[in-house]
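To start, the structure under review is shown below, and the notes come after it.
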There are 2 protein chains.
Amino acid sequence: MSRRTGAVTMHDVAARAGVSIKTVSNVLNGYQYIRPATKEKVETAIADLGYQVNLTARNLRRGRTGLIGLAVPELSLPYFAELADSVIRAAEARGLTVLIEQTGSVRERELEVLTGQRRHLTDGLIFSPLELGPQDVDALDVDYPMVLLGERIFGGPADHVTMSNVDGAKAAVRHLLDQGRRRIAVVGAHEGETVGSAALRMQGYREALQDAGLGVDPALIGEAGLWHRATGAEAMHRLLDSGVELDAVFGLNDALALGALHALHARRIDVPEQIAVIGWDDIEETAYSSPTLSTVSPGREQIARTAVDLLLARIDDPDSDRPYERVIADFTIVGRESTLGDAAPATSPLSTSAVASG
Amino acid sequence: MSRRTGAVTMHDVAARAGVSIKTVSNVLNGYQYIRPATKEKVETAIADLGYQVNLTARNLRRGRTGLIGLAVPELSLPYFAELADSVIRAAEARGLTVLIEQTGSVRERELEVLTGQRRHLTDGLIFSPLELGPQDVDALDVDYPMVLLGERIFGGPADHVTMSNVDGAKAAVRHLLDQGRRRIAVVGAHEGETVGSAALRMQGYREALQDAGLGVDPALIGEAGLWHRATGAEAMHRLLDSGVELDAVFGLNDALALGALHALHARRIDVPEQIAVIGWDDIEETAYSSPTLSTVSPGREQIARTAVDLLLARIDDPDSDRPYERVIADFTIVGRESTLGDAAPATSPLSTSAVASG
DNA sequence: TTGTATGCGTTATCAG
DNA sequence: CTGATAACGCATACAA
């Protein structure tokens with residue numbers, strides 16, 4: 001599209017090289033049986049003219065664009081920015097280009113993504129919905145390759161990559177218990193929800209407490225619809241205002257935990273001396289907050305790679321009746337100052353440490 | 001591309017509606033002179049068949065894709081993630097879709113972006129180089145619409161949107177001086193460079209000190225090639241190790257300043273009691289760090305909007321000989337705890353305050 | 001107001 | 001090994 005001047009096409013190259021247009025195409029596409037002499041003629045012609053294939057024309061003809069969509073809530077949420085980074089790299093390694101779409105976690109826009117015009121520009125979609133749920137399986141039954149990310153829809157008509165929510169949450173809470181904490185609050189719960197990350201991580205939280213012979217105190221459950229820093233700070237303030245006794249906080253993601261940290265700092269409450277904090281996502285920021293934030297590292301790179309691979313497999317063989325796969329990424333607990341205090345591993349900028357894994 | 005089944009085309013719609021393909025096209029493109037009855041026939045046929053235009057074909061025919069490229073170093077750098085977010089929104093408002101490309105601030109990849117295949121898929125490019133410089137004006141003289149972001153190339157052959165580097169830096173340092181600071185260090189300087197953000201912000205730094213009747217102490221200048229949290233922390237440690245006396249730090253961007261904050265925290269140095277810190281970019285994280293970080297808000301939204309508008313103007317009129325524009329975004333100083341301490345405006349999650357502007 | 005025919009730049013199908 | 005030629009699906013000049 002871009003070239004304003006000249007728009008040199010295969011015809012021009014063919015003319016200059018004294019061959020047919022098909023031969024130029026053959027050279028371009030690495031066709032085996034070309035006489036070296038011919039090939040060279042064509043290649044110098046290409047170089048002389050500065051010819052580049054017109055991708056739009058190629059795409060039309062081939063019925064493929066080499067583009068895949070990545071639909072996420074928003075890039076200003078660090079986890080999704082880092083995820084996008086990983087997906088772009090993984091896709092690039094396989095010769096694919098990523099088209100990012102922001103849904104703003106608005107239900108309508110999530111539905112739009114599935115049927116919108118952009119789908120005609122992409123060979124497939126990696127979709128991380130935050131609002132759609134089991135009631136939307138019909139809308140998710142699309143006729144193009146798609147890989148779902150996250151835990152809102154299971155058994156849906158698509159390949160699926162999820163985090164190890166229950167086990168990861170369990171390990172996070174166990175990590176807090178190991179530091180001698182007993183009154184462990186949660187920030188980010190979604191009251192009444194039975195699907196999604198919140199519900200699953202809450203389940204891990206309960207199981208860990210039960211395993212430790214502890215009960216679940218509803219007063220320790222802090223709600224937060226959106227998982228942003230702001231909502232995390234608000235939920236933390238509410239918990240503290242309620243007067244409930246607590247010595248640790250499990251932020252259901254890092255943004256919430258960082259918001260909680262912010263609130264604790266504002267109230268001059270020492271972390272982890274008085275209250276320990278752990279988050280989830282292992283975004284880069286957690287290694288630099290004050291104190292540094294312990295967190296669950298959910299295998300972002302693996303998720304990105306797996307998603308791209310699954311998608312590519314569907315793109316390459318659209319008629320395959322291979323059953324839909326579900327991949328659960330490996331996680332790691334990263335212990336930092338917010339739970340370990342000065343015992344935390346070297347505060348050297350990039351160091352983290354795996355305390356448990358599964 | 002995506003639809004596997006059926007691939008219903010305009011022909012099918014035309015057949016079903018009992019009209020010609022041209023009429024269908026007319027309806028689709030909002031042609032004025034269509035008999036209402038015909039229009040309706042076509043529209044129901046479209047609905048019945050679930051027809052959607054094939055964008056690739058349309059693009060080939062129209063010679064436009066509706067896609068614009070956005071080339072940035074990497075999305076894991078919060079400023080660029082937030083910039084991408086803003087650009088995507090601005091583009092969407094104008095009916096454009098954004099294709100993000102990561103250069104990793106690697107010189108070769110920055111050059112590749114300019115000539116790569118992807119340029120054939122986009123109508124124009126918004127480019128934020130970190131390595132290219134004045135010596136590369138030739139490479140930047142491309143024959144497609146482009147808008148440059150940043151301050152590495154001036155007077156180049158393209159429209160250009162920059163931050164108010166000198167004045168912003170001057171205001172930042174003045175803000176520190178206003179708090180009574182006199183030994184103001186810098187983190188992120190690029191020794192010997194004469195172009196780019198580092199050089200310009202250093203100029204503002206010097207001018208502010210001069211205006212205050214103070215000299216520039218080279219011992220207070222901390223180098224940092226990459227502007228990441230890690231390098232900011234390292235530079236801060238070096239400054240402290242050097243034993244030089246200082247009561248404030250100007251991080252040339254927020255990542256550096258947050259890294260510095262991290263280093264100061266590790267050494268149990270109180271901010272701002274002992275050392276005040278100010279950054280640049282106003283990324284969301286700065287409103288939640290402990291302490292919250294004062295910063296220069298460089299007008300990200302304005303930059304995004306302006307860049308998209310300038311690009312679109314070039315796309316819409318490629319033959320215009322309108323001279324290349326240079327737009328300088330407005331900035332604001334946001335005073336938070338890292339310079340104002342408890343005097344900082346309400347620590348409510350979203351509040352910031354404009355102390356000066358220009 | 002609507003239909004016919006042509007071409008956008010490639011790739012694919014055949015012959016040769 | 002290479003060359004004509006026909007699509008791919010849409011938009012438009014030109015006719016009607």
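Numbered from 1 within each chain, the chains take letters A, B, ... in sequence-line order. Since this is a predicted model, take the numbers as computed values, not measurements.
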Residues in residues 34-46 of chain B with a heavy atom under 4.0 Å of DNA chain C, by number, are B/Ile34, B/Arg35, B/Thr38
With A/Glu82 via salt bridge (Lys or Arg N to Asp or Glu O under 4.0 Å) - residues at least two apart: A/Arg300
Listing, residues 39-47 of chain B side-chain donor-acceptor contacts under 3.5 Å, not counting sequence neighbours, or none:
unit_1	atom_1	unit_2	atom_2	d
B/Thr44	OG1	B/Glu40	O	3.4
B/Thr44	OG1	B/Lys41	O	2.9

If you look only at distance, which donor and acceptor atoms sit under 3.5 Å apart when one is on a side chain in residues 149-156 of chain A and the other is two or more places apart or in another chain?
unit_1	atom_1	unit_2	atom_2	d
A/Glu151	OE1	A/Met163	N	3.4
A/Glu151	OE1	A/Asn165	ND2	2.7
A/Glu151	OE2	A/Ser197	OG	3.3
A/Arg152	NE	A/Leu130	O	3.2
A/Arg152	NE	A/Leu132	O	2.7

Base contacts versus sugar-phosphate-only contacts with protein, heavy atoms under 4.0 Å: please encode nucleotides 8-16 of chain D as B, S and - from 5' to 3'. BBBBBB---
Of all pairs that satisfy ring-ring contact (aromatic ring centres under 6.0 Å, His included), the ones with a partner from residues 57-94 of chain B, not counting sequence neighbours: none
Under the salt bridge (Lys or Arg N to Asp or Glu O under 4.0 Å) test, residues paired with A/Arg118 that sit two or more places apart: A/Glu101, B/Glu92
Residues at least two apart in sequence or cross-chain that pass salt bridge (Lys or Arg N to Asp or Glu O under 4.0 Å) with B/Asp85, listed by chain then number, are B/Arg89
Salt bridge (Lys or Arg N to Asp or Glu O under 4.0 Å) filter on B/Arg107, not counting sequence neighbours, yields B/Asp136
Length of the line joining B/Tyr33:OH and C/dG3:P, which is rounded to integer Å: 18 Å
With five pairs defining each end axis, the helix from C/dT1-D/dA16 to C/dG16-D/dC1 comes out bent, to 10°, by 40°
By side-chain hydrogen bond (donor to acceptor under 3.5 Å, both in side chains), B/Asp309 pairs with (sequence neighbours left out) B/Arg94
Run the side-chain hydrogen bond (donor to acceptor under 3.5 Å, both in side chains) test against A/Asp321 and tell me which residues pass, sequence neighbours left out. none
Apply salt bridge (charged side-chain N to carboxylate O under 4.0 Å, His left out) to B/Asp316 and B/Arg64, showing your working. CA-CA 10 Å; B/Asp316 283 339; B/Arg64 270 220 204 175; 2.7 Å; yes
